[in-house]
Amino acid sequence: MALIEARELTKIYQMGSAAQVAAGAGQTVHALRGVSLDIEEGDFVAIMGASGSGKSTLMNILGCLDLPTSGEYRLAGEAVEAMAQDQLASIRNRRIGFVFQQFNLLPRTSALENVELPMVYAGIPARERRARGQAALDRVGLGERGAHTPSELSGGQQQRVAIARALVNDPQLILADEPTGALDSRTSDDIMRLLTELNSQGMTVVLVTHENDIAAWARRKLVFRDGQIIEDARQSGHLPTAPGVSA
């Protein structure tokens, strides 16, 4: 079953000052040009492309952070393209977990409290937040580090906290934007093993990367150029292994 269904997505930006745009003197940028794709539940997809190719724009639309200029997008059967901002916020909180290159953790807040944050926005009671947050940290191999702040954790451990935060609301989809971009190669492998293990448990994972060795972990690779998909290939990916905890 398709978790993501996108049909003829376009995204057009008008660059320049408000006065330039009003006078027709601004620059029109076509970030996406009629992109169509389906992503099945449980798939592991890597999106690649040079800067300005459209991959980040697509990621923002898939993550309900932005809306297309035209086209249709359904996430788990829900039509997204015409949603209001509060509806987009709701679907993000219910269905999507985000992982970012720079971790985006609150620096003076413990790992456990960082993981609990999405549940605060969802209005979940404190006792349940604590239990679910601890379970998410256990799942990524950091069950004993919940009281540590980000400065007391390595880069790989911080990214594991970020992944636990992405998992804590039991999403259907993990969107990872350059999740290894700030990590060394060994730690990157540890994080990719973890994402592979989560995928083997049924989680749908979509990641953006510039690195071919990171994209090789996925079972499907999409390559973007000039706002269009120029390659859509199946690949072997990596066999799932139990995630390490050394990162």
Visitor: For L106 and N114, which heavy atoms make the closest approach, and how far apart are they?
Guide: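 Closest approach of L106 to N114: N-OD1, 2.7 Å.
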Visitor: Return the set of residues passing side chain to side chain donor-acceptor pair (under 3.5 Å) with D38 (not counting sequence neighbours), or none when no residue passes.
Guide: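 D38: side chain to side chain donor-acceptor pair (under 3.5 Å) contacts with R7.
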Visitor: Under 3.5 Å, sequence neighbours excluded: what are the donor-acceptor pairs made by side chains of residues 119-127?
Guide:
none

Visitor: Using the side-chain hydrogen bond (donor to acceptor under 3.5 Å, both in side chains) rule, take R95 and Q172 through it: C-alpha gap first, then chi angles, then the decisive distance, then the call.
Guide: CA-CA 5 Å; R95 299 197 184 277; Q172 293 168 281; 2.3 Å; yes
Visitor: Does D226, at its CG atom, have more than 12 non-hydrogen atoms belonging to other residues, nucleotides or ligands within less than 6.0 Å?
Guide: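 Not more than 12 within 6.0 Å, no.
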Visitor: What residue pairs, at least two apart or across chains, pass salt bridge (Lys or Arg N to Asp or Glu O under 4.0 Å) with a residue in residues 142-152?
Guide: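 Sorted pair list comes back empty.
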Visitor: By side chain to side chain donor-acceptor pair (under 3.5 Å), which residues pair with R74, not counting sequence neighbours?
Guide: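 So R74 forms no side chain to side chain donor-acceptor pair (under 3.5 Å) with any residue.
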Visitor: If you round to the nearest 0.5 Å, how far is CG of N60 from NZ of K11?
Guide: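 K11 NZ to N60 CG: 9.0 Å, rounded to 0.5 Å.
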Visitor: How far apart are the C-alpha atoms of E113 and S110, what are their side-chain angles, what is the distance that settles it, and do they pass the side-chain hydrogen bond (donor to acceptor under 3.5 Å, both in side chains) test?
Guide: CA-CA 5 Å; E113 290 167 331; S110 72; 3.2 Å; yes
Visitor: Checking Q101 now: which residues fulfil side chain to side chain donor-acceptor pair (under 3.5 Å) with it, not counting sequence neighbours?
Guide: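 So Q101 forms no side chain to side chain donor-acceptor pair (under 3.5 Å) with any residue.
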Visitor: Would you check if there is a donor-acceptor pair between the side chains of R139 and Q134 at a distance under 3.5 Å?
Guide: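 No donor-acceptor contact under 3.5 Å links the two side chains.
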Visitor: What verdict does the salt bridge (charged side-chain N to carboxylate O under 4.0 Å, His left out) test give for R193 and D190, after you've listed the backbone C-alpha separation in whole Å, the side-chain angles of each residue and the deciding distance to 0.1 Å?
Guide: CA-CA 5 Å; R193 286 191 197 97; D190 285 339; 2.7 Å; yes
Visitor: Mind checking side chain to side chain donor-acceptor pair (under 3.5 Å) for T109 and listing every partner two or more places apart, or none if nothing turns up?
Guide: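 Once residues adjacent in sequence are excluded, T109 has no partner under the side chain to side chain donor-acceptor pair (under 3.5 Å) criterion.
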